[in-house]
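Computed from a predicted structure; not experimentally measured. Ligands are counted one by one from 1 in listed order, and the atoms in each one are counted from 1 as well.
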Amino acid sequence: MTNEIHAERILILDFGSQYTQLIARRVREAHTYCEIHPFNMPVDEIKSFKPMGIILSGGHQSVYDDNARVVDSIVFELGVPILGICYGMHLLTRHFAGEVEASATREYGHATINKTAAASDLFDTLLPGSGEGSVWMSHGDHVTTPPEGFDIVAKSQNGIVAGMEDTDRGMFAVQFHPEVNHTQNGDAFVDAFINRVCGCNGLWTPASFVEYETEHARQIVGDDHVLLGLSGGVDSSVVAALLHRAIGDKLTCVFVDNGLLRLNEGDEVMATFAQHMGVKVIRVDAQDMFLSRLKGITDPEEKRKIIGHTFIEVFETEAKKIAGVTWLAQGTIYPDVIESAGAKSGMATNIKSHHNVGGLPERMGLKLLEPLRELFKDEVRNAGLELGLPERMIFRHPFPGPGLGVRILGEVKKEYADLLRRADAIYMAELYSSGHYYKTAQAFTVFLPVKSVGVMGDGRSYDYVVALRAVETKDYMTATAYPMPHDLLSKIANRIINEVKGINRVTYDITSKPPGTIEWE
Ligand code: XMP
């Protein structure tokens with residue numbers, strides 16, 4: 001379905017670069033809709049996509065490889081502007097009979113580039129003022145002779161062609177990666193390509209997206225009823241707020257309290273959605289069921305499976321009680337869509353397929369409603385703010401599906417979960433009030449079911465231990481321990497030991513990932 005927010009669109013053809021998603025994010029930041037498709041997208045699909053511009057991504061191959069990835073020549077004949085990045089630059093060069101030199105070694109990291117005499121409008125955004133700038137390189141091959149009609153507009157300090165253009169044909173190419181944050185003014189460069197060269201008009205904004213999706217959901221749902229599993233996490237919260245705006249009472253949310261949530265979490269979700277916004281939310285207290293099934297189970301993977309299966313069972317039982325439901329809403333977001341598509345086509349380097357809630361839609365004959373499936377995470381957050389959700393909810397750290405189940409080492413017991421909840425609430429309160437919460441990507445407390453000796457007043461104590469964890473990371477694949485100030489750690493430890501009877505020792509985890517993981521289980 002296309003309406004005005006999708007009317008101006010950029011096509012990103014993916015040659016397997018680790019940075020392709022970043023290209024899409026920069027285009028969206030330039031307020032234009034875009035989609036990533038594999039490099040071998042069928043010609044009729046390329047034509048019917050009707051792009052206002054095409055970006056050819058980088059890739060780890062050389063254009064001289066036996067099975068080098070190529071695009072159909074239609075791409076160069078549509079008469080729309082093209083930006084070739086790295087491998088995309090080499091491909092474009094070869095297509096127009098320029099020369100690319102294969103290289104046995106890769107250049108990787110920061111490089112300084114300079115405008116050459118013929119610098120252009122577009123490259124002026126990247127290299128303003130002195131004409132010198134710092135960019136991120138990651139390549140083997142490079143262009144030695146640009147195709148006829150192309151001007152070299154920037155060179156690196158070791159003489160490599162860093163940028164070239166043929167403004168008459170609207171073709172541009174760069175050896176570096178403007179989509180990566182390390183490239184100075186890379187965002188301005190992409191923005192200028194989208195808005196000045198391709199002539200897009202900034203139709204894609206959080207407000208226009210929310211308006212479009214609200215109307216879209218209203219139309220396709222009609223008089224039907226929709227069910228949503230609300231966890232209190234960002235994605236399901238934004239779906240709830242959006243669908244509530246679209247269809248009001250025809251949305252029913254199910255919130256399952258599995259006994260492994262953080263302190264007051266259930267009450268807070270009910271306060272935000274049910275009391276404050278008037279969303280229909282059914283709160284299911286399934287604590288006993290989860291905890292009894294976890295009794296005696298110590299293996300982390302087994303715990304995860306039990307929690308996952310029990311959730312589906314509880315959710316399905318509740319769903320069956322609600323009459324007339326035909327849709328199941330889910331907080332699927334664009335990276336999930338890309339990864340599933342990549343897994344199918346074999347293009348993704350990070351293969352992970354996205355699953356529906358345990359096959360529930362198929363089993364119950366429900367249609368899937370995924371209003372966030374075009375959005376990146378930061379766009380979901382912006383949509384949430386646009387919908388008036390509280391900032392604390394929108395910018396909260398990620399919380400794993402199995403909740404405290406993987407933060408209580410070994411067997412899960414209610415006593416442990418209660419102690420952990422109280423300790424963690426103190427830790428979070430101190431992080432918020434000291435301003436450190438948003439400087440960390442994820443912070444939480446882990447419960448260690450071992451007792452150690454302490455002195456409390458005149459007596460000895462023999463109580464449990466908790467570990468505080470806080471990490472810095474962008475992608476959660478690698479992480480480093482956050483350098484938490486020592487005095488703050490001392491304050492948190494004192495508060496936990498004084499206020500949570502049953503815990504007498506607090507430690508701070510300084511392990512990186514790898515070799516550690518972020519969670520302890
Ligand atoms: P690890 O511990 O693998 O965690 O370094 C990376 C990120 O994934 C989260 N995580 C999970 N999320 N279900 C989830 O929904 C899980 O079973 C799970 N295990 C880890 C973790 O919190 C971190 O953000």
Pairing donors with acceptors under 3.5 angstrom, does anything connect the side chains of [X] and [Y]?
{"X": "Ser452", "Y": "Arg505", "answer": "yes"}
{"X": "Glu374", "Y": "His6", "answer": "yes"}
{"X": "Ser138", "Y": "His177", "answer": "no"}

message = If I compare all heavy atoms of Lys377 with all of Ile333, which pair ends up nearest, and what's the gap?
response =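 Looks like CD-CD1, 3.9 Å.
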
query = With a 4.0 Å cut-off, would you call Arg381 and Asp378 a salt bridge?
reply =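 Between Asp378 and Arg381 there is no salt bridge, as every charged N stays at least 4.0 Å from the carboxylate O atoms.
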
In residues 477-491, what donor-acceptor pairs under 3.5 Å come from side-chain atoms, sequence neighbours left out?
from	atom 1	to	atom 2	distance (Å)
Tyr482	OH	His436	ND1	2.7
Ser490	OG	His486	O	3.1
Lys491	NZ	Glu430	OE1	3.1

First-shell residues of ligand 1 [heavy atom, distance under 4.0 Å] =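 Ligand 1 pocket, heavy atoms under 4.0 Å: Arg304, Pro400, Gly401, Pro402, Gln442, Tyr476, Lys513, Thr517, Ile518, Glu519.
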
